[in-house]
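We number each residue from 1, following the sequence as shown.
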Amino acid sequence: MKKLFKILAMLTSFSVLTRTLGFLFRILLSRSIGAEGLGAYQIAFSIYMVLETFISSGLPLVISKITSVSVTSNNKKKEFSSVSAALIIGLITAIILCSVVLIFRNVFSLLFTDKRCLNILITLLPALVFSSVYSILRGNIWGHKKYFWVSLTEFVEQLIRAVFCVIIFAFFYTACDAVMVATLSMVVACVLSSVLVFIVYLKIGGKFYNPKGQFKPILKESVPITIVKIVSSLLMPIISIIIPLRLVSIGYTNEQALSIFGVAMGMTFPLLYIPSTLIGALSMTLIPDLSSALSTQNYTDINTRINFSMKFALFVAFLFAPVFYALGSPIGEFLYSNTQSGVFLTYASPLVIPICVTGITTSCLNALNLEVKSFRNYLISSVFLFFSIIFLTKSLGILSLVWGMGASLVMAIILNIRLLNKKLNSNFFNFSYLLKLFACSIPAVLISKFTYSLLSKFLPLFFSLGFSCVIAEIFFLLLALILNLYNLSFLNFKKLVPKKPSFSTKLFNKKLKNKKS
């Protein structure tokens, strides 16, 4: 258990650092290339992520499983042959995808409202090739349970992107297109992170054996996983295409549509997913724990873990949602110098809650071998999102995305919890706990609004916003503690304070000392 907590703490720390660096990089991008440029980059990048899903979803997962089994059985030949086969499959797939984009570039250009999007996508293609090497070798490292190296490579990738952009923007910005600089930073990061993973792979004893006999088993196991991931990943690029087109159809120019979309997806939504960083490590450790308990049919342990995870996800979500709602405008102004992103954050702040709960319920279903049914729930719930952005954009504008995502996430939660209840014959939705958290959040919203309105008259934005956030969080935590929504029993201070020896212990130690002398 102690080892598990150490791993959990390490994964959480690296995840927070990586997400923080990525978030700071996003702020740098928004300030350097503007909302319109960020919108174009976001659209092209969403298409690139679909292409990367072909090589970074099924293959790494299969390699990690094969590696784990091979380590247990000490079958080095199968491990290294599988890695070699997966690398060949991944590289061939990446080259084919790059060729398709280049050959049918005119077809891809029809998907974009801005011609820069196609240039960005083509510039990103070399990253696809290096990502195939990176993801597969990283899957092997993960299979060896080298969590430190896996986390470090993710952090280094974000660090390289940020440093590259800072250097270019500082010294060569006037001679370069800012959007292309951001794109090149992604390519450079993929190249260098692939080199790092390759070095780590060799460092832990990795080799390359003849892949003969491993192609068919790897393809058989990885293709279904990849298909599921591809269909899931298609949602964002489709949205990236539909929303700007719908905005243009109701009177916006291409530039305005890209700018609004860039504000929503490039500035606001990364903030909404910050709480997921805190529950990400829990999800990562939850899957093997539930799988192990399921193999022994320990349903009491399964129910306990799922109930705890649900409460934890809700609690983390409500830590952020009140602050985002109350202080959305100053947060957008401080981070991006963009009031529009802050207003959008205020409207979208309730989405934090279903985002966290959907993430944790999906992890539970995956651990219980219900991936296909979880994917089915995802498809059903996505209908509400498409309905909203197609039919409600005319009256709601970009806010149709908020309403659509809200409806989609809530439906996914209902279907996921229903599936969990049916599978385990239990009830995992604690409505009273949700109401108590909501009751705590209302005073937190009011106190943060009042504090900011008072402090902003005397203090700079950084201090007035910071103090308001801290006071709101303290107030929320105190109310939650009073309502017994969490407890501090894990802080056993008695263990931290050295216990004074009794009189008999002192006497025994004195006799022992005299005897030795």
Side-chain angles (χ1 to χ4, degrees), residues 10-11 13-29 32-33 41 44-45 48-49 51-57 59-60 63-64 83-84 86-88 90-95 97-98 101 119-144 146-173 175-208 270:
M10 183 191 68
L11 291 173
S13 301
F14 266 108
S15 180
V16 170
L17 286 173
T18 303
R19 292 288 184 93
T20 301
L21 191 58
F23 182 67
L24 294 175
F25 176 70
R26 182 71 64 170
I27 295 174
L28 173 66
L29 279 186
S32 302
I33 68 180
Y41 177 82
F45 188 72
Y48 167 81
M49 290 305 298
L51 299 177
E52 189 178 296
T53 303
F54 279 88
I55 55 178
S56 63
S57 54
L59 286 174
I63 289 300
S64 65
V83 171
S84 300
L87 283 172
I88 294 172
L91 286 170
I92 292 175
T93 304
I95 293 171
L97 292 173
C98 292
V101 174
N119 295 330
I120 294 171
L121 179 61
I122 292 174
T123 306
L124 284 171
L125 292 181
L128 200 64
V129 178
F130 286 95
S131 291
S132 64
V133 177
Y134 169 84
S135 59
I136 291 166
L137 294 183
R138 183 174 173 271
N140 176 266
I141 298 169
W142 187 269
H144 279 280
K146 304 292 184 181
Y147 300 117
F148 172 79
W149 291 112
V150 173
S151 302
L152 180 65
T153 52
E154 289 182 347
F155 177 75
V156 168
E157 183 178 356
Q158 286 289 353
L159 182 63
I160 292 170
R161 293 183 67 187
V163 170
F164 181 86
C165 277
V166 168
I167 293 174
I168 297 297
F169 286 150
F171 298 102
F172 307 102
Y173 178 69
C176 300
D177 181 12
V179 179
M180 296 310 295
V181 170
T183 306
L184 286 173
S185 71
M186 174 68 180
V187 178
V188 173
C190 285
V191 173
L192 296 181
S193 59
S194 298
V195 172
L196 176 61
V197 168
F198 183 78
I199 295 172
V200 173
Y201 176 75
L202 296 178
K203 178 181 174 61
I204 65 173
K207 297 179 182 179
F208 302 100

Report summary line: Smallest heavy-atom separation, I120 atom then M180 atom, equals CG1-SD, 4.1 Å

Report summary line: Minimal heavy-atom distance between S135 and I55, with the atoms involved, is OG-O, 3.4 Å

Query raised in the report: Checking side chain to side chain contact (heavy atoms under 4.5 Å, CB included) against I136, which of I88, L91, L87 comes through?
Result: L87

Query raised in the report: In Å and rounded to the nearest 0.5 Å, what is the CD1 to CG distance from I199 to L137?
Result: 11.5 Å

Report summary line: What one should report as the nearest heavy-atom pair of F130 and C190 is CB-O, 3.9 Å

Query raised in the report: When rounded to the nearest 0.5 angstrom, what is the spacing between NZ in K207 and CG in L202?
Result: 10.5 Å

Query - S193 side chain reached by V156 side chain, heavy atoms, under 4.5 Å - result: no

Query - Contacts of Y134 that satisfy ring pair (Phe, Tyr, Trp, His ring centres under 6.0 Å) - sequence neighbours left out - result: none

**Report entry** Stepwise ring pair (Phe, Tyr, Trp, His ring centres under 6.0 Å) test for Y201 and F208
**Finding:** CA-CA 10 Å; Y201 176 75; F208 302 100; 5.3 Å; yes

Report task. Could you grab the distance from atom CD of E154 to atom CG of L159, nearest 0.5 Å is fine? Result -> 13.5 Å

Report task. Show the numbers, then the answer: is there a side chain to side chain contact (heavy atoms under 4.5 Å, CB included) between W149 and L152? Result -> CA-CA 5 Å; W149 291 112; L152 180 65; 3.7 Å; yes

Requested in this report: List the atom of C98, the atom of L125, and the distance in Å for their closest heavy-atom pair.
Outcome: SG-O, 3.5 Å

Query - Stepwise side chain to side chain contact (heavy atoms under 4.5 Å, CB included) check, L124 with L51 - result: CA-CA 11 Å; L124 284 171; L51 299 177; over 6 Å; no

Requested in this report: Specify the closest pair of heavy atoms between E52 and S131, including all atoms of both residues, with the distance to one decimal.
Outcome: OE1-OG, 3.5 Å

**Report entry** Heavy-atom check, side chain of N140 versus side chain of I204, under 4.5 Å
**Finding:** yes

Query raised in the report: Are side-chain heavy atoms of V197 and V133 found at a separation under 4.5 Å?
Result: no

Report summary line: Nearest heavy-atom contact between L128 and Y48 is N-OH, 3.7 Å

